Amino acid sequence: MMKLGIIGWRGMVGSVLLDRLKTCGDLERFNTTLFSSTQKGLGPLGELKDSFDLKSLSSMDIIISCQGSDYTQNIHPRLRQIGWSGYWIDASSFLRDKSNVLITLDPVNQKDIESALENNQKDFVGGNCTVSLMLMALGGLFSKNLVEWVNCVTYQAASGAGAAQLKELFSQISYLKEMDLAQDILKLEKTVNDKLSRSDFPSKSLQHPLIGNLLPWIDSEMENGMSKEEWKGEFETNKILGKKIPIESLCVRVGAFRCHSQALTVKLKEDISLKQFEELVDSHNQWVKVIPNNKADSLKYLTPVAVSGSLSIPVGRIRKLSLGPGFFSLFTVGDQLLWGAAEPLRRMAQIILNHTEQKQDLRRDYELSRSP
Ligand code: HSE
């Protein structure tokens, strides 16, 4: 049995990953060890190992790290230096721009994953959440090489900023709970808005109110006026697709809990009908689903609340635009902890396992065929 080590399993992405591994029966196919930097003794899957112990880590065949970039930066090169040749699967962004690291999203780049494995590549990383969710939604258009450019406006959930930020959003909601609803509406609005600037209003992690507000900047500043999140949108999409498609983004944090939404304007290289567009989107993978462009269905199926906790990728509000031939707009939602983070990692471990077992079977057949 292949030995799988998981680091960062108590964080949001790690917990979702562990839950998916259990639900999908994957834990029965691996000999799984959980690593921790703070906890010792027994954990949910047996004895915990120290996440800074290179000897224990290097006894694993596959490591999935959901611990964050600092951990990867510290541990990954040291493991490689001591000659560890296992598979590293990472949730953090640290390795994403390295040339010998593949961003894994198998419904979109299964073939590239297979050839990377054939070429003995060992480092894999999950994509940025908005990138993975956008590609899951638009895979049918990209796979037909139809996309000339994309403009994307995101509405990103608090969970994308981290567990502390999501918790703080809940504290902010709770802070506002005492309201005199009998007050005149304008007075009430002013009272509530004034509370958002009080010194004891909880904003240590988010730095700003997120309830009743939105934050039009995500991640660090780049010199060209982009946020790092916006830069990732173009860089990672093209790295996954192996193309150079202009992808412009404006990334915004909103008070949704764990689902990112994106409003996309897509320019296609050729004009196709609305029906063809919908069919291409809908048929790409089993999770994407076109939502009819009407008010009732959009409000029922195309919201963060509807999608939260599910693998479903609804795509709706699809319209042909009056801007000219080949212009379409659409709106899509996805759970940033599932397809946006944990699920591509879980599936990558499965792909490695299947690949390794196939190789072992082939070797066994070959040896049997040569035995007298
Ligand atoms: N960077 C994302 C966000 C997290 O801030 O929402 C998912 O990669």
Side-chain angles (χ1 to χ4, degrees), residues 8 11-17 20 64-73 89-97 101-105 108 124-137 152-170 203 205-208 210-211 213-222 226-240 247-264 304 307-309 311 313 332-348:
M12 269 189 304
V13 175
S15 309
V16 170
L17 173 72
R20 286 290 297 154
I64 305 184
S65 174
C66 304
Q67 188 70 27
S69 287
D70 290 348
Y71 178 82
T72 302
Q73 189 171 4
I89 308 175
D90 207 321
S92 81
S93 64
F94 181 68
L95 295 170
R96 281 188 206 140
D97 61 354
V101 176
L102 192 102
I103 303 179
T104 176
L105 184 66
V108 173
F124 297 88
V125 58
N128 170 272
C129 41
T130 46
V131 169
S132 297
L133 296 173
M134 194 253 282
L135 286 173
M136 289 299 289
C152 173
V153 180
T154 72
Y155 307 79
Q156 297 183 219
S159 64
Q165 284 79 352
L166 178 56
K167 225 178 225 178
E168 190 165 271
L169 173 62
F170 295 141
S203 58
S205 303
L206 287 159
Q207 305 290 309
H208 305 274
L210 188 56
I211 182 80
N213 202 13
L214 55 79
L215 307 175
W217 199 285
I218 295 178
D219 209 331
S220 49
E221 294 181 55
M222 313 264 303
M226 275 181 164
S227 70
K228 186 83 186 282
E229 187 77 354
E230 290 153 5
W231 174 83
K232 285 177 186 171
E234 181 164 59
F235 172 78
E236 292 189 21
T237 303
N238 282 304
K239 184 167 182 189
I240 293 171
I247 314 275
E248 284 290 353
S249 302
L250 201 162
C251 295
V252 180
R253 182 83 61 212
V254 297
F257 301 151
R258 57 181 277 181
C259 286
H260 286 358
S261 306
Q262 306 184 54
L264 302 165
V307 175
S308 184
L311 289 160
I313 308 282
T332 179
V333 185
D335 188 313
Q336 73 88 208
L337 294 172
L338 282 163
W339 271 120
E343 190 64 3
L345 310 183
R346 181 192 77 78
R347 293 170 67 88
M348 187 62 224

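A quick note: this is a predicted structure, and the numbers were derived from the prediction, not measured. Atoms within a ligand are numbered from 1 in the order they appear, just like the ligands themselves.
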Novice: Which of these, R253, E236, Q336, E229, has its nearest heavy atom closest to atom 6 (O) of ligand 1?
Specialist: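 It is R253 whose heavy atom sits nearest to atom 6 (O) of ligand 1.
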Novice: Show me which atoms of ligand 1 lie under 4.0 Å from any heavy atom of I218.
Specialist: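 Those atoms are 5 (O).
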Novice: Does the separation of the ring centres of F94 and Y71 fall below 6.0 angstrom?
Specialist: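 No, they do not, as the ring centres are separated by 6.0 Å or more.
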Novice: Is a side-chain donor or acceptor of H260 paired with a backbone partner of A157 at a separation under 3.5 angstrom?
Specialist: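 It does hold such a pair.
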Novice: Evaluate side chain to side chain contact (heavy atoms under 4.5 Å, CB included) for N128 paired with R96, printing each intermediate quantity in order.
Specialist: CA-CA 9 Å; N128 170 272; R96 281 188 206 140; 3.6 Å; yes
Novice: Taking atom types as modelled and ignoring hydrogens, do the side chains of S159 and Q336 form a donor-acceptor contact shorter than 3.5 angstrom?
Specialist: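 S159 vs Q336: donor-acceptor pair found between side chains.
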Novice: Less than 4.5 Å apart, side chain to side chain, heavy atoms only: is that true for L166 and R258?
Specialist: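 The answer is no, as the side chains (C-beta and beyond) never meet within the 4.5 Å cut-off.
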Novice: For atom 4 (C) of ligand 1, what is the nearest protein heavy atom, given as residue, atom name and distance?
Specialist: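 Among all protein heavy atoms, the one nearest atom 4 (C) of ligand 1 is C129 SG, 3.0 Å.
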Novice: I need the atoms of ligand 1 closer than 4.0 Å to a non-hydrogen atom of Q156, numbered in the order shown.
Specialist: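 Ligand 1 atoms under the 4.0 Å threshold to Q156: 2 (C), 3 (C), 5 (O), 6 (O).
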Novice: Does any N or O atom in G160 lie less than 3.5 angstrom from one in ligand 1, N or O only?
Specialist: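 Yes; at least one N/O pair falls below 3.5 Å.
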